[in-house]
Amino acid sequence: MERGDTERIDITISSRFENIELVQVIAEHLCENAGVDEDGSHWIGMAVREAVANAIKHGNKLDVRKKVNATFELQDGVDLTISISDQGEGFDPEKVSDPLNPQNLMKTSGRGIFYMKTFMDQVNYSFNAGGGTSLVMRKNLAKGSGIATTKA
Amino acid sequence: MERGDTERIDITISSRFENIELVQVIAEHLCENAGVDEDGSHWIGMAVREAVANAIKHGNKLDVRKKVNATFELQDGVDLTISISDQGEGFDPEKVSDPLNPQNLMKTSGRGIFYMKTFMDQVNYSFNAGGGTSLVMRKNLAKGSGIATTKA
Amino acid sequence: MKATTRSVDGVEIISLQGKITIGAGDTQLREVIQNALGSGKTNILLDMSGVTTIDSSGIGELVGSFTTVTNRGGKLKLLHLPAKLNELLHVTQLITVFEVYDNEQDALKSF
Amino acid sequence: MKATTRSVDGVEIISLQGKITIGAGDTQLREVIQNALGSGKTNILLDMSGVTTIDSSGIGELVGSFTTVTNRGGKLKLLHLPAKLNELLHVTQLITVFEVYDNEQDALKSF
Ligand SMILES: Nc1ncnc2c1ncn2[C@@H]1O[C@H](COP(=O)(O)OP(=O)(O)O)[C@@H](O)[C@H]1O
Ligand SMILES: Nc1ncnc2c1ncn2[C@@H]1O[C@H](COP(=O)(O)OP(=O)(O)O)[C@@H](O)[C@H]1O
């Protein structure tokens, strides 16, 4: 990939947990093709896994007729933008509690978005008027992979 | 997956050889999720690899602005239909020569479609009026994997 | 996920293998722990070396297992954390919750 | 694809590792063979044990290499075929073209 190039991959799955892996492997292969090391690719793949799991579970509520779409855009071989959307009812991201808060430490859920923010540079939610959640995650692949030291 | 269920996965890539693998891994994972053993999944993945390689090379002639679309449909957990389409000019499948013909044995190309036919139950081409080749490959996953004994 | 269990010095060593992810392994982990508790084993050492992938649901199940075992008066500790699981427990500060061992002998002695 | 080369008894043993697929490895294989021929080595044994994936382009390059080497009065033979590559050569009847060995000593003696 050279400067000015944009690579775009688009995948749509139905809402089954088994399909999470299909989207995750796309992310990992795309990163490896872009020269990211195995660990770095793994963490990006994990952010994607968490995002798709949420779209299937909280968004589409496991309704197999509802779809999850993922789009990967790689600009100049380094700027990765991953968009994941579902056909659910949305939610208020402000109301999501902080898993690092001591009173949440022993909760059995609530760490998915936190992991996405940890592994990606940016995580943004938007909600379509007609329903459905869109999540856009960005990562500069040149900045080094692994766990980001500052959290978004 | 239960009877009556249809699983559908859709992926679009631009025409780069590095992207072949992305479609191939989808095929392999989908087969493994459907209970196909590693070898069987590998052969189906290889048929997909050959189909996508042709779409990129012969169809889209490596024009990265042109897309290759692949759709995987799994019915009742056993009937797999894979459709691969490009934005090229098509070709005459009748004119493709038989790689087993002794005079073709030492050719350095011309085995892609043959491998697809070997690994899948059915391979059909169709050509859209507006340009573009569509290839539909079918495989009954219950019939046992590996190399088909009768060739289409 | 697969789990294999052996008892050493009154400690139930449960080796987990494969994925502990949403819809695959998360509920199985819960069952494995329930089974151990059901047969009166409350000192549990989870050998994590064979865990290939874990996600936030798997991490959540680990936390749930810890709570369940502790509430029954038992102890749940971790052995042989793969590097990536270690990172996942660190960033969520869960590493402060679990007692983690690199060495089975040391782990057994600690119960 | 990676290739490592050593000479034994006048035979160039070239170990191929990784993928020999369209756009990745197919042209590299051609170069490796050209280099060997360019430095006067015409007896070539390709050790295929490290080949992880091959497609019809890779198979085509193997056939092309065979022809190139034969036309130069040399011999190209194959060592340690992975099971899947063996199948791919069988179904295309190319297995009748290549001399294939399981054992390096036997292969070397045959030149
Ligand atoms: N795509 C989505 N659609 C609807 N709600 C969502 C979506 N993603 C996240 N949420 C909400 O945000 C909460 C926090 O998500 P997360 O941090 O991933 O933890 P968990 O999934 O374990 O609850 C979820 O419990 C859910 O209420
Ligand atoms: N998607 C396609 N678009 C245009 N032509 C194609 C396409 N797929 C195959 N062909 C034609 O069919 C021929 C045989 O294809 P194949 O058996 O895969 O062998 P190879 O790709 O090595 O030539 C190709 O050389 C090409 O002319």
Side-chain angles (χ1 to χ4, degrees), chain B residues 15-25 28 37-58 62 64 68 96-120 145-152, chain D residues 1 16 18-34 37 46 48 51-78 81-100:
Chain B
S15 301
R16 290 179 212 275
F17 289 140
E18 307 97 276
N19 292 336
I20 295 174
E21 212 162 86
L22 304 181
V23 189
Q24 183 185 4
V25 293
E28 289 168 356
D37 64 17
E38 206 231 290
D39 276 11
S41 301
H42 174 88
W43 295 125
I44 293 171
M46 175 146 184
V48 169
R49 158 176 282 285
E50 296 293 339
V52 176
N54 280 353
I56 291 175
K57 184 179 178 184
H58 302 302
L62 285 156
V64 294
V68 176
V96 171
S97 52
D98 176 5
L100 298 190
N101 188 318
Q103 75 193 39
N104 297 328
L105 194 64
M106 298 309 289
K107 285 202 177 160
T108 58
S109 65
R111 295 179 187 85
I113 297 174
F114 175 82
Y115 281 134
M116 293 178 220
K117 288 184 176 169
T118 303
F119 303 138
M120 303 297 284
S145 48
I147 292 182
T149 42
T150 44
K151 269 137 218 152
Chain D
M1 196 200 77
L16 304 178
K19 301 179 206 167
I20 313 182
T21 54
I22 195 164
D26 54 353
T27 49
Q28 280 155 275
L29 174 56
R30 199 176 314 169
E31 279 165 32
V32 166
I33 299 293
Q34 294 293 356
L37 292 177
L46 292 181
M48 308 300 285
V51 174
T52 52
T53 320
I54 194 162
D55 63 4
S56 70
S57 293
I59 297 284
E61 272 310 314
L62 276 184
V63 176
S65 301
F66 180 90
T67 304
T68 309
V69 173
T70 308
N71 287 347
R72 290 281 287 268
K75 284 181 183 155
L76 182 138
K77 306 186 182 192
L78 304 179
L81 282 194
K84 283 175 184 135
L85 172 51
N86 186 45
E87 289 274 15
L88 292 176
L89 292 178
H90 261 282
V91 292
T92 49
Q93 299 178 5
L94 285 168
I95 201 75
T96 61
V97 170
F98 292 100
E99 260 181 66
V100 180

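A, B, ... follow the sequence lines: proteins, then strands. Residue 1 opens every chain.
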So do D:Leu94 and D:Leu62 actually touch side chain to side chain, heavy atoms under 4.5 Å?
-> no

Are any side-chain N or O atoms of D:Thr52 and backbone N or O atoms of D:Gly18, one a donor and one an acceptor, separated by less than 3.5 Å?
-> yes

Is there side-chain contact between B:Phe114 and B:Val96, with heavy atoms separated by less than 4.5 Å?
-> no

Run the numbers on B:Glu21 and D:Thr21 for side chain to side chain contact (heavy atoms under 4.5 Å, CB included), then give the verdict.
-> CA-CA 10 Å; B:Glu21 212 162 86; D:Thr21 54; over 6 Å; no

Tell me, side chain or backbone of B:Lys57 under 4.5 Å from chain D's heavy atoms, or both, or neither?
-> side chain

For the pair D:Leu16 and D:Met48, evaluate side chain to side chain contact (heavy atoms under 4.5 Å, CB included) and give the outcome as yes or no after the intermediate values.
-> CA-CA 6 Å; D:Leu16 304 178; D:Met48 308 300 285; 3.9 Å; yes

If only atom types and distance count, is the side chain of B:Tyr115 paired as donor or acceptor with the main-chain N or O of D:Asp55 below 3.5 Å?
-> no

Distance-only, no hydrogens or angles: does the B:Asn104 side chain make a donor-acceptor pair with backbone N or O of B:Lys107 under 3.5 Å?
-> no

Is there any residue in residues 48-56 of chain B with a non-hydrogen atom under 4.5 Å from a non-hydrogen atom of chain D, and which ones are they?
-> B:Arg49, B:Glu50, B:Ala53

Side chain / backbone / both / neither for B:Met106 at chain D, heavy atoms under 4.5 Å = both

Check whether D:Lys19 gets within reach of chain B through its side chain, its backbone, both or neither, counting any heavy atom under 4.5 Å.
-> side chain

For chain B, which residues of residues 65-76 of chain D have heavy atoms nearer than 4.5 angstrom | D:Phe66, D:Thr67

Distance, nearest 0.5 Å, that separates CG of D:Asn86 from NZ of D:Lys84 = 12.5 Å

Could you walk me through whether B:Asn19 and B:Val68 pass the side chain to side chain contact (heavy atoms under 4.5 Å, CB included) test, one step at a time?
-> CA-CA 10 Å; B:Asn19 292 336; B:Val68 176; over 6 Å; no

Which is it for D:Met1 and D:Val32 under the side chain to side chain contact (heavy atoms under 4.5 Å, CB included) test, yes or no, and what are the steps along the way?
-> CA-CA 11 Å; D:Met1 196 200 77; D:Val32 166; 4.2 Å; yes

Do you know which two heavy atoms are closest between B:Leu100 and B:Asp98, and how far apart they sit?
-> N-OD1, 2.9 Å

